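Not measured: the values here are computed from a predicted model. Below, read A as the first sequence line, B as the second, and so on, with proteins coming before strands; counting in each chain starts at 1.
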Amino acid sequence: MAVDSTPTNDLVQEGTGRLQTIGYVLQAVALLVLVASFALLFEVVDAQSLVAGQSVLTWMGLGFGVLGLGFVAVAGLSRADLVESTPIKSAGVGAGIVYALIGFVVVGLVSSQTLGLQTLWVIPAILAGGLVFLGAVYPREDIGSTLPAAGFMVFAGTTFLTGTIGLDWTWQPIPNGAVFDASMALIVTGFFGGLLGAWTAARAGNGFGSRGRQSGAYLLVSVNAVAMAALLFALVTFVAVRGWAPMTRGIKTGIFWEPVYWFYFQPIQEYVIFQIPGLWFYWPFTMEGAALMNDINGVAPAIIGTFWLVVGAILFAVPLGVGAAVFLTEYAEQGRFTQLVEISTNGLWSTPSIVYGLFGLALLVPRLGNSNSILTGMLVLGFMLLPLVVITSRESLKSVPDEYRDASAALGVSQWQTIKSVVLPAAMPGVITGVILGVGRIAGETAPILLVTGGSPFPSTGADIFDPRFAFTGQFPWVSLNIVNVDPLLQPSSALPYQLYAVISAGLSENLSFAWGTALVLLLVVLGFYAIGIASRAYFRRKLQA
Amino acid sequence: MARQSYQDQLAEMREDVLFMSEVVTDRLRMGLEAMESKDKELAWDVIEGDDEVNQLYLDLEEDCIDLLALQQPVAGDLRLIASSFKIITDLERIGDLATNLGDYTLDAERDMFPEVDIQSIGHETIQMVEDAMDAYAAEDIDACYDIADRDDDIDELCKQASQTIVRDLIETEIDDTTSEQEVENIMADVSRLLLTVRDLERVGDHAVNIAARTLYMVEKDDELIY
Amino acid sequence: MSETHATPVSEQDADQATGQTTPGETNEQVQAEWLEYEFQGDAKVSATDVNVHYGDDHALHDISMDIPEHSVTALIGPSGCGKSTFLRCLNRMNDRIKSARVDGSVELDGMEIYQDGVNLVELRKRVGMVFQAPNPFPKSIRDNISYGPRKHGEIETGLVSRLLGRDDQEQEDELVERTLRQAALWDEVKDRLDDNALGLSGGQQQRLCIARALATDPEVLLMDEPASALDPIATSKIEDLIEELAEDYTVIVVTHNMQQAARISDQTAVFLTGGHLVEYGDTEQIFENPESQRVEDYITGKFG
């Protein structure tokens with residue numbers, strides 16, 4: 001195979017439409033194969049499930065076949081200059097290595113399994129790898145990057161369609177080890193084959209060369225992004241689907257009549273009562289605790305516990321953290337001290353949460369009432385939140401441009417006033433981002449809560465902390481105003497992650513739905529905190545922008 | 001050196017001014033020569049050559065304006081351009097005066113008053129113009145003062161020459177034998193000569209102007225201007 | 001006062017002020033009389049033997065200048081010659097740079113500003129500064145202007161002040177209108193005083209910064225290349241503004257644009273490479289017949 005010279009490129013290329021269409025079609029087929037492999041992975045379908053009359057296995061085999069033939073066709077068309085393409089001299093070493101690896105693996109598998117060569121499978125595998133490498137690198141790009149891929153596709157397609165790997169196929173490479181079935185083979189082949197096919201098709205469809213490479217890279221990046229988003233979505237949906245039913249069980253709403261005014265109407269000797277309608281709403285899962293007399297047990301105490309823990313942690317960590325960040329950025333000289341603080345803060349942020357729990361248990365619990373309490377939990381979670389607040393606040397403060405500080409100084413304003421009025425407001429969005437991220441972490445931490453806050457795993461009532469009460473007393477000053485009850489702060493409490501842990505430990509067989517419901521509530525509570533955070537950040541951002 | 005093309009343009013402008021002065025002094029010489037030898041052809045050359053001088057003036061004027069607009073000159077460069085601007089005006093006037101000499105030559109029939117040495121006055125003024133331009137080229141301020149002094153001498157010579165001419169006129173005998181035509185010729189010759197003397201004196205004045213502008217250019221000193 | 005005022009310059013300063021030369025520059029000694037500038041009245045700002053070091057780098061050498069009031073003084077010179085450094089000495093902004101050391105004396109209305117016990121807040125109220133790139137705060141236009149007076153306690157508004165009967169809302173409105181008119185910006189923004197200042201164009205932002213500096217009622221206005229980040233139309237608006245401001249304030253402008261210095265200033269000081277003041281005099285004289293050959297070479301563009 002001679003190395004051909006690069007064809008000259010015209011500024012305006014005609015006839016790219018045909019090639020692009022072929023490319024898009026092949027990309028679509030390849031991506032379908034990829035999606036099919038994910039579907040198999042998540043057990044949405046099986047290898048033998050029927051789709052439009054044929055098994056999934058058959059469809060995937062067909063897909064491979066189409067891809068293989070398509071690539072051969074593209075190579076031929078391009079080589080015969082029937083379509084406008086701009087391939088460069090060689091497909092490149094990178095592509096060569098990829099194809100060589102595939103060749104190595106495929107030939108290795110075939111030679112060791114089908115042909116029965118034991119340890120000698122390495123030899124044909126290496127040979128194959130080398131040949132494929134040459135075949136990819138030596139000829140012009142439009143051949144070198146399509147034919148090896150086509151080879152693999154045709155091989156995979158024929159393997160599946162001819163039943164070499166059929167619906168009953170199994171493989172146990174190591175005795176008494178895992179058994180692979182057709183689904184697994186399809187998943188693996190579909191994943192790699194689908195990606196490879198899509199990548200090659202993207203490059204081919206855009207005429208190879210630098211345009212082709214760009215399209216290929218773009219495809220890989222997009223697939224990556226979509227897969228990531230899909231994964232996140234799948235996780236959330238997974239939880240939501242399983243938790244929705246238990247969470248919403250027993251919701252009742254209704255109208256009740258509320259008397260607002262009444263008087264005694266003499267002529268009929270009755271009270272006349274004026275009533276207005278009110279709406280009542282009963283959602284057992286979030287309004288009830290766990291008690292024997294309940295029809296439906298709920299996680300209200302856990303929600304209250306999580307809420308107060310997060311609020312307390314924020315109240316503790318944010319002022320401290322922002323203050324420390326202000327000192328480190330605005331006042332301290334950048335030197336060994338600040339570097340030391342930076343290192344220790346980073347270290348604290350990476351510390352496992354159970355270490356914090358242990359710290360709380362050993363140091364704080366004995367001093368704060370010698371029992372588990374919400375207060376200790378607040379402090380421990382606050383310690384966990386603190387490093388992140390310091391780190392993000394510092395970054396945020398550093399990113400406020402110096403021009404503001406200069407302008408303020410030139411107006412004769414002192415440094416603290418400048419920080420308070422210009423620098424901190426400008427840094428607010430960054431600080432809030434840090435708090436949002438931190439809250440996301442600490443709201444879901446189980447280990448420290450387990451150690452320092454957890455009380456009864458299935459409580460019936462929540463901590464009664466916010467309890468404004470106004471009453472007249474018999475002694476001076478004759479009124480008492482109670483806003484916050486301090487006692488419950490020193491009592492143990494439940495929290496959502498702890499509740500979930502307790503449910504799971506109690507045995508998942510009876511309590512599975514309850515567990516899912518709790519998980520969904522936890523997710524929603526965290527999302528709720530996020531929403532508050534994002535809204536306040538958006539508010540601050542709007543104030544700072546034009 | 002920075003602004004190389006600007007420096008080159010300034011140098012070229014100086015060269016052009018010097019070239020214009022050479023053309024003008026040539027014309028003056030030709031005019032005097034034509035007067036001396038009553039060469040009518042030469043006189044015509046002088047008269048027609050005025051177009052060239054005017055064209056040179058217009059071109060140089062445009063160059064100065066361009067430099068002012070496009071290069072924002074300051075300090076010494078600005079003074080150079082402003083002074084050159086004025087100097088070419090003086091040179092153009094000198095060119096016109098040379099043309100006048102040509103006109104006089106065409107009209108003259110005879111040489112009436114040999115006592116008056118037009119030629120030496122003329123060459124003296126030409127020398128002044130050349131010296132003034134040398135001072136411009138060399139930025140020599142002593143020479144400028146020198147030229148101002150020499151102009152006083154020229155003025156004196158011209159005054160004497162005029163007086164001589166008028167005295168001779170008065171002493172010319174006019175009796176019944178002289179014809180009307182002759183009287184007219186005498187009058188014409190006299191007025192031509194007076195005008196010639198006056199024009200040569202003006203050349204001297206223009207030379208002083210040139211020296212004055214040169215002094216301003218070098219020292220920002222307007223002492224000699226007027 | 002009717003006595004003429006001349007900048008005192010010691011012979012020693014002049015002899016040492018040769019400075020570094022760029023290739024082609026003559027090794028000319030600065031002469032004392034080139035630095036003398038005579039004017040009527042007292043000097044508003046007076047610098048004597050100011051030397052500035054950034055670490056080991058000797059950025060300014062023995063600068064002595066007297067600046068008359070109600071005028072525009074331009075400081076020109078090539079990049080890195082120390083003119084911005086000198087400007088920052090006049091309101092002690094160099095104090096904010098840790099490696100900077102300032103020696104010598106700077107007097108404002110005859111009072112030394114580099115002595116102990118100087119109230120920096122008061123100093124910077126009286127000597128305002130406008131920077132090269134417009135830097136309005138990310139606040140509303142109104143808040144930008146009232147920022148200085150608010151932080152100095154001169155303006156209080158809000159619920160509490162209203163309850164206490166001390167609300168200064170009217171004063172604030174009057175201040176905002178007055179300074180915006182002075183900065184020739186009022187007509188353009190009077191309907192959107194509560195909009196964020198970052199939404200204005202570059203030229204408008206710079207005029208806002210000028211208005212903000214004027215809000216503290218300064219006597220001296222320092223401007224560090226105020227128009228260099230702006231397009232020609234915005235630049236000419238700023239230049240007109242500077243000429244107007246000179247009637248009420250003493251304006252000192254650093255610029256690297258010589259034509260701008262020629263257009264707007266009454267007197268010009270020329271700094272050359274190495275942080276030396278080489279000549280200081282009437283703008284007309286500097287641009288028509290400077291005494292120093294190096295200055296002539298610099299402003300005609302041959303060197304520097």
message = With a 3.5 Å distance limit and no angle check, can you tell me whether C/Asn91 reaches the backbone of A/Ala410 through a side-chain donor-acceptor pair?
response = no
ask   = Side chain, backbone, both or neither: which part of C/Val130 has an atom under 4.5 Å from a heavy atom of chain A?
value = neither
query = Atom CG of A/Leu544 and atom CZ of C/Phe137: how far apart are they, to the nearest 0.5 Å?
reply = 13.0 Å
query = Quick one: CG on C/Asn196 to CZ on A/Arg542, what's the gap to the nearest 0.5 Å?
reply = 12.0 Å
ask   = For C/Glu188, does the CD atom have more than 12 heavy-atom neighbours from other residues, nucleotides or ligands under 6.0 Å away?
value = yes
message = Please classify the contact between C/Pro218 and chain A as side chain, backbone, both or neither, with a heavy-atom cut-off of under 4.5 Å.
response = neither
ask   = Which pair of non-hydrogen atoms, one from A/Ala407 and one from C/Arg212, has the smallest distance, and what is that distance?
value = CB-NH2, 3.3 Å
request  = Give the minimum heavy-atom separation between C/Arg124 and A/Ala409, together with the two atoms involved.
outcome  = CD-O, 3.0 Å
Backbone N/O of A/Tyr404 and side chain of C/Asn135: donor-acceptor pair under 3.5 Å = no
message = Any heavy-atom pair between the side chains of A/Leu411 and C/Lys151 that's under 4.5 Å?
response = no
ask   = Can you list the steps and then say if A/Asp406 with C/Arg96 is a side-chain contact (heavy atoms from CB on, under 4.5 Å)?
value = CA-CA 9 Å; A/Asp406 281 341; C/Arg96 286 168 58 79; 3.0 Å; yes
ask   = Within a radius of less than 6.0 Å around CD1 of C/Ile233, do more than 12 heavy atoms belonging to other residues, nucleotides or ligands occur?
value = no
key: Within 6.0 Å of CZ in A/Phe233, more than 12 heavy atoms from elsewhere   = no
task = Under 4.5 Å heavy-atom distance to chain C, tell me which part of A/Ser408 shows up: side chain, backbone, both or neither.
result = both
query = C/Phe131 versus chain A, heavy atoms under 4.5 Å apart: side chain, backbone, both or neither?
reply = side chain
ask   = Between C/Lys139 and A/Ser421, is there a donor-acceptor pair closer than 3.5 Å when you use the side chain of the first and the backbone of the second?
value = yes
query = More than 12 non-hydrogen atoms from neighbouring residues, nucleotides or ligands closer than 6.0 Å to CD on A/Glu333, yes or no?
reply = no
ask   = So which part of C/Arg88 gets closer than 4.5 Å to some heavy atom of chain A, the side chain, the backbone, both or neither?
value = neither
